[in-house]
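Notes for the one structure printed next.
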Amino acid sequence: MREAEPNKLCVIIVSDTDANRLMGRLVENGLPATKIGSTGGFLRRGNATIISGVEGMAVDTVAEIVREECHARKEFVPVQTLPFLGDGGFSAEPVEVRVGGAIMFVLDVERFIRT
Ligand code: 2BA
C-alpha cells in the first residue's frame with residue numbers, strides 16, 4: 001500500500017537536552033523525524049534541529065508533543081560569554097535569555113520525492 005505523502009514540513013529547533021526525548025516521542029507516535037546538529041546564532045550553543053514531514057492534520061499532534069517535551073526557562077548569561085557582545089572589555093549586567101523551549105516552523109511542501 002502507498003504511504004500518504006507529506007504536505008507540511010515541521011522544522012523544530014530544540015535544546016540538545018530535549019532532542020532525543022522529543023525524537024523518541026515523535027517516532028512512538030508514528031511520526032517520521034530526522035535530527036540535525038545545529039548551533040544557535042545568539043548563544044552559539046549546540047542545539048538540534050528536527051525535521052518532520054507530515055500530512056497537514058498531523059501538524060497539531062507534532063506541536064502538542066513539542067509543547068509536552070520542551071519547556072522553556074529563563075537563564076542569565078554573562079555578557080562576556082556572548083561571542084559578539086562580550087568583546088568590548090566593559091562590565092555589563094548578565095543578559096536574560098530563554099533556554100530549553102522550542103521554536104517550530106511549519107512550511108508547505110511543494111514536492112515530495114522518494115526514490
Ligand atoms: P540562539 O540564537 O542561540 O538564541 C537563544 C536564545 O537567546 C533565544 O531563545 C532568545 O531567547 C535569546 N536571544 C536570541 N537573540 C537574541 C537577541 N538578539 N537579544 C536578546 N536575546 C536573544 P529562542 O527564541 O527560544 O531561540 C532558540 C534557538 O532557536 C536560537 O538559538 C536559534 O538557534 C533558533 N531560532 C530562534 N528563532 C529563530 C528564527 N526566527 N529563525 C531561525 N532560528 C531561530
Side-chain angles (χ1 to χ4, degrees):
M1 195 175 74
R2 208 174 133 81
E3 284 175 40
E5 291 191 356
N7 57 8
K8 297 284 177 190
L9 182 68
C10 302
V11 179
I12 310 151
I13 304 168
V14 291
S15 73
D16 272 339
T17 49
D18 294 337
N20 284 341
R21 210 176 51 250
L22 178 59
M23 286 285 283
R25 285 288 315 278
L26 291 171
V27 172
E28 265 171 29
N29 282 272
L31 297 161
T34 298
K35 185 175 88 162
I36 305 166
S38 48
T39 305
F42 187 64
L43 296 180
R44 310 275 168 105
R45 284 186 190 166
N47 54 28
T49 299
I50 294 174
I51 57 172
S52 180
V54 297
E55 283 183 90
M57 60 193 182
V59 169
D60 287 344
T61 307
V62 173
E64 198 178 310
I65 294 171
V66 169
R67 282 200 189 90
E68 283 170 11
E69 297 300 331
C70 308
H71 301 284
R73 62 182 192 282
K74 293 284 169 72
E75 198 173 274
F76 286 93
V77 176
V79 74
Q80 290 83 358
T81 65
L82 296 173
F84 49 93
L85 295 179
D87 292 343
F90 54 87
S91 86
E93 294 295 310
V95 180
E96 190 181 78
V97 292
R98 212 179 82 101
V99 294
I103 296 287
M104 176 167 158
F105 300 90
V106 181
L107 288 72
D108 287 327
V109 173
E110 194 171 313
R111 289 175 74 190
F112 173 73
I113 298 166
R114 189 185 213 190
T115 62

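Computed from a predicted model, the values in this text were never measured in an experiment. Atoms within a ligand are numbered from 1 in the order they appear, just like the ligands themselves.
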message = So, 4.0 Å and heavy atoms of G41: is ligand 1 close enough to count as a contact?
response = yes
key: Residues which pass salt bridge (charged side-chain N to carboxylate O under 4.0 Å, His left out) with R21, listed by chain and number, not counting sequence neighbours   = D18, E69
ask   = Any idea which atoms of ligand 1 are less than 4.0 Å away from a heavy-atom of F42?
value = 1 (P), 2 (O), 3 (O), 4 (O), 7 (O), 12 (C), 13 (N), 14 (C), 15 (N), 16 (C), 17 (C), 18 (N), 19 (N), 20 (C), 21 (N), 22 (C)
message = V99 vs R73, test: side-chain contact (heavy atoms from CB on, under 4.5 Å). Steps then yes/no.
response = CA-CA 6 Å; V99 294; R73 62 182 192 282; 3.7 Å; yes
inquiry  = Can you confirm whether the side chains of N47 and S38 place a donor and an acceptor under 3.5 Å from each other?
reply    = yes
task = Ignoring hydrogens, just give me the one of N47, V97, V95 whose non-hydrogen atom is nearest atom 33 (O) of ligand 1.
result = N47
Proximal atoms of ligand 1 relative to L43 (non-hydrogen, under 4.0 Å) = 1 (P), 3 (O), 5 (C)
query = Taking atom CD of E110 as the centre, does the number of heavy atoms from other residues, nucleotides or ligands within less than 6.0 Å exceed 12?
reply = no
ask   = By side-chain contact (heavy atoms from CB on, under 4.5 Å), which residues pair with R98, not counting sequence neighbours?
value = A72, I103
request  = Select the closest option to atom 31 (O) of ligand 1 among G101, G40, A48, A102, judged by heavy-atom distance.
outcome  = G40
request  = Give yes if a backbone or side-chain nitrogen or oxygen of E96 is under 3.5 Å from a nitrogen or oxygen of ligand 1, and no if not.
outcome  = no
